[in-house]
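Atom set for the values below is all heavy atoms of this structure, side chains included, hydrogens, waters and symmetry mates excluded. Numbers here simply count residues along the sequence, with the first being 1. No experiment lies behind these values; they were computed from the predicted model shown.
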Amino acid sequence: MKSCTPIFDMQNNQNLYAVLVSRWPDAGVALIDESGVAITYAALDEMAARTAAALRGLGVGPGDRITAQIEKSAQGAALYLASLRIGAVFNPLNTAYTPAELDYFVGDAEPAVCVATPDRAEALRGRDAMRGVAIETLDAKGHGSLAEKAAAAAPWRDIAVSSADDLAAILYTSGTTGRSKGAMITHGNLVSNTEALHAAWRFEAGDVLLHALPIYHVHGLFVALGTALYNGSSILWLPKFDAAQAVSLLPRATVMMGVPTFYTRLLDHPDFNAALVKHMRLFVSGSAPLLAETHRAFEARTGHRIIERYGMTETGMITTNPYDGERVPGSVGYPLPGVSVRIAGDDGAEQPTGEPGVIEVRGPNVFKGYWRMPEKTRAEFRDDGYFITGDIGVAAEDGRIRIVGRAKDLIISGGFNVYPKEIEDEIDALPGVVESAVIGAPHPDFGEGVVAVVATKGAALSEGEVIGALKDRLAKFKLPKRVFFVDDLPRNAMGKVQKAELRQIYQNVFRA
């Protein structure tokens, strides 16, 4: 591909963009949007070069943060690639976050530029957190002030020389205290994980990826987009998942990655059958537990066994079920090559085979630490370098991992992490509320649904009033799907709320 950028010091450059671009010379079409418009790898490289020039014109340099709260578009992908190209640090944010939530992220990351949709940009202007931050726009079609600057700019042909330890991205992941933590992801983390997944899932020439995931978290941005770009694949680039649209496009794809919700919705579609996907090579599920019953139903309908894998924001992918070999429902498979996993007790000592314990991981995939939180970083790592995931797992004799619970008080709903404390703080501030407890309950579509149990001591509150009061304070995926009222929350002898008891009581609220 003649228009690809020359790589300087290519032999020593660990910049992810340099690694990707070196594999594109013979690549053809990169992205195909829902209207059928195709963007070649040459054109995508040119978009990234011009966007890099626009960012440089705004004063962004190596190490500077770029916060992006934008809808999925080809120009949005080019923004991410441009950030890598100039050695900046990409900070994507969930599009559901409210301006009030964004204040914290911007205040913590201190970006040089914030790119938002035009309506969000308007809401952000004038907020205290945005003082000194350049605000640019991109809409769902990739139009906006940043796109205009990029179109007018001469392409930035350089690629920043980065070491494996240099930051490529900061992704925020909430904590049980409610304060979000910025996971620092390096170029080395991304390159190692991309290479490992590319090999583990046997990507090959001619593979076409159906991409309906958002690109503000690890699954859509690093796993799906990253492995496809590394392979030089064509990508069916959809703004969101729609079962009917997916059914119409699957005959053109060979690989699909999704959250469990994608697969339950496909199974509910009347036109989804074995003939439709007989040519498919691979289905991958992640970001939330895939129910064993969904795994079995999918195989019965299509003959395909979904590959379930396991990862986190801080580590990228850790394990995967094998491409060749048994893909066991309810299992997340084996550690990726180069990744060490152990099941440990509270003291860090490895548990006997078959005994549950905390999953701990060490490898080139593990993040650098939490942005500006050195004490929190130290607390999450063992002295020998293992990261404490907080997930509870069991290892079989052959090393296969099964996740049996979470030590951290986390809900995963529709592939998104939801931490109860943040929601509880908002509910507890409502008039008439004494206290609240937020839990996850099994949900047939989202994996887990958010349930709030609220103690009111007889105050007159309704489910609709509570949810309505939270709509402008919390992202939609964090909102409770059900609210129940009690006089008192159950507690143990030490006064701690017994969430396990609440989960038992409300375990069937989403079941027909």
Side-chain angles (χ1 to χ4, degrees), residues 29-39 71-74 140-141 201-204 206-215 219-220 223-225 227-228 231 233-309 321 323 327 329-330 412-416 442-449 476-477 481 510-512:
V29 172
L31 305 178
I32 306 169
D33 69 20
E34 62 177 340
S35 64
V37 174
I39 297 172
E71 303 298 336
K72 185 177 175 182
S73 68
K141 294 187 179 297
W201 293 338
R202 307 286 179 82
F203 269 80
E204 57 191 37
D207 268 335
V208 177
L209 173 69
L210 180 64
H211 193 305
L213 293 158
I215 57 169
H219 194 171
V223 179
L225 180 61
T227 50
N231 194 58
S233 288
S234 295
I235 305 167
L236 301 174
W237 190 247
L238 305 181
K240 62 182 180 179
F241 182 79
D242 176 82
Q245 188 177 43
V247 164
S248 72
L249 290 175
L250 276 169
R252 297 169 57 189
T254 63
V255 178
M256 174 178 155
M257 299 185 198
V259 298
T261 303
F262 289 12
Y263 296 108
T264 59
R265 291 182 179 175
L266 282 175
L267 288 168
D268 286 339
H269 196 282
D271 295 333
F272 183 68
N273 54 47
L276 185 78
V277 296
K278 63 182 180 180
H279 66 290
M280 287 289 290
R281 191 177 65 76
L282 181 64
F283 289 97
V284 178
S285 180
S287 297
L290 180 72
L291 296 178
E293 60 194 77
T294 303
H295 191 283
R296 288 190 285 266
F298 197 87
E299 182 182 13
R301 177 83 65 86
T302 67
H304 285 278
R305 294 176 69 79
I306 299 168
I307 283 185
E308 187 171 13
R309 84 313 182 267
N321 270 275
Y323 188 83
R327 304 174 190 175
I412 302 179
S413 184
F416 299 124
H443 192 288
D445 204 14
F446 294 97
E448 289 182 296
K476 187 176 181 181
F477 68 87
K481 298 187 184 304
F510 298 117
R511 292 179 179 168

- Message: Nearest 0.5 Å, please: how far is CD1 in Ile235 from CG in Asp33?
- Response: 12.5 Å
- Task: Using atom types as modelled and distance alone, determine if a side-chain donor or acceptor of Ser233 lies under 3.5 Å from a backbone N or O of Asp207.
- Result: yes
- Message: If I take atom CG from residue Leu249 and atom CE from residue Met256, how far apart are they, to the nearest 0.5 angstrom?
- Response: 11.0 Å
- Message: Would you say that Phe241 contacts Thr261 through its side chain, given a criterion of any heavy-atom pair below 4.5 Å between the two side chains?
- Response: no
- Query: Is there side-chain contact between Trp201 and Asn231, with at least one heavy-atom pair below 4.5 Å?
  - Reply: no
- Under a 4.5 Å cut-off applied to non-hydrogen side-chain atoms, are Asp271 and Leu276 in contact? no
- Would you confirm whether Glu448, through its side chain, and Pro442, through its main-chain N or O, come within 3.5 Å as a donor-acceptor pair? no
- Item | Check: Leu238 main-chain N/O paired with Lys72 side-chain donor or acceptor under 3.5 Å | yes
- Item | Lys/Arg cation over aromatic Tyr323: Arg327, 6.0 Å, 45° cone | yes
- Task: Report yes or no: does His279 contribute a side-chain atom to a donor-acceptor pair with the main-chain N or O of Ala253 at less than 3.5 Å?
- Result: yes
- Message: So does His304 get a backbone contact from the side chain of Thr302, meaning a donor-acceptor N/O pair under 3.5 Å?
- Response: yes
- Message: A side-chain contact here means heavy atoms from C-beta on lying under 4.5 Å apart; do Leu266 and Val247 qualify?
- Response: yes
- Task: Evaluate side chain to side chain contact (heavy atoms under 4.5 Å, CB included) for Val208 paired with Leu236, printing each intermediate quantity in order.
- Result: CA-CA 7 Å; Val208 177; Leu236 301 174; 3.9 Å; yes
- Message: What verdict does the side chain to side chain donor-acceptor pair (under 3.5 Å) test give for Asp445 and Thr264, after you've listed the backbone C-alpha separation in whole Å, the side-chain angles of each residue and the deciding distance to 0.1 Å?
- Response: CA-CA 6 Å; Asp445 204 14; Thr264 59; 3.2 Å; yes
- Think Arg265 forms a cation-pi with Phe446, using NZ or CZ under 6.0 Å from the six-ring centre and within 45 degrees of its axis? yes
- Task: On the 0 to 90° scale, with breaks at 30° and 60°, tag the Tyr263-Phe298 ring pair as parallel, tilted or perpendicular.
- Result: perpendicular
- Query: Is Arg309 reaching over with its side chain to a backbone N or O of Val284, donor-acceptor style, under 3.5 angstrom?
  - Reply: no
- Item | Sub-4.5 Å side-chain heavy-atom contact between Leu282 and Thr254 | no
- Query: Is there a donor-acceptor contact under 3.5 Å from the side chain of Arg296 to the main chain of Leu291?
  - Reply: no
- Could you give the distance from NZ (Lys141) to OG (Ser73), rounded to the nearest 0.5 Å? 10.5 Å
- Aromatic ring centroids of Phe272 and His269 under 6.0 Å? no
- Straight-line distance of Ser285 OG to Ile307 CD1, nearest 0.5 Å: 11.0 Å
- Task: Would you please test Ser413 and Lys481 for side chain to side chain contact (heavy atoms under 4.5 Å, CB included) and show each step?
- Result: CA-CA 11 Å; Ser413 184; Lys481 298 187 184 304; 4.2 Å; yes
- Answer yes or no: is there a donor N or O on one side and an acceptor on the other, between the side chain of His295 and the main chain of Ile306, under 3.5 Å? yes
- Item | Test item: Glu34 side-chain N/O and Trp237 main-chain N/O as donor-acceptor pair under 3.5 Å | no
- Message: Could you measure the distance from the CD atom of Glu308 to the OG1 atom of Thr294? Nearest 0.5 Å is fine.
- Response: 10.0 Å
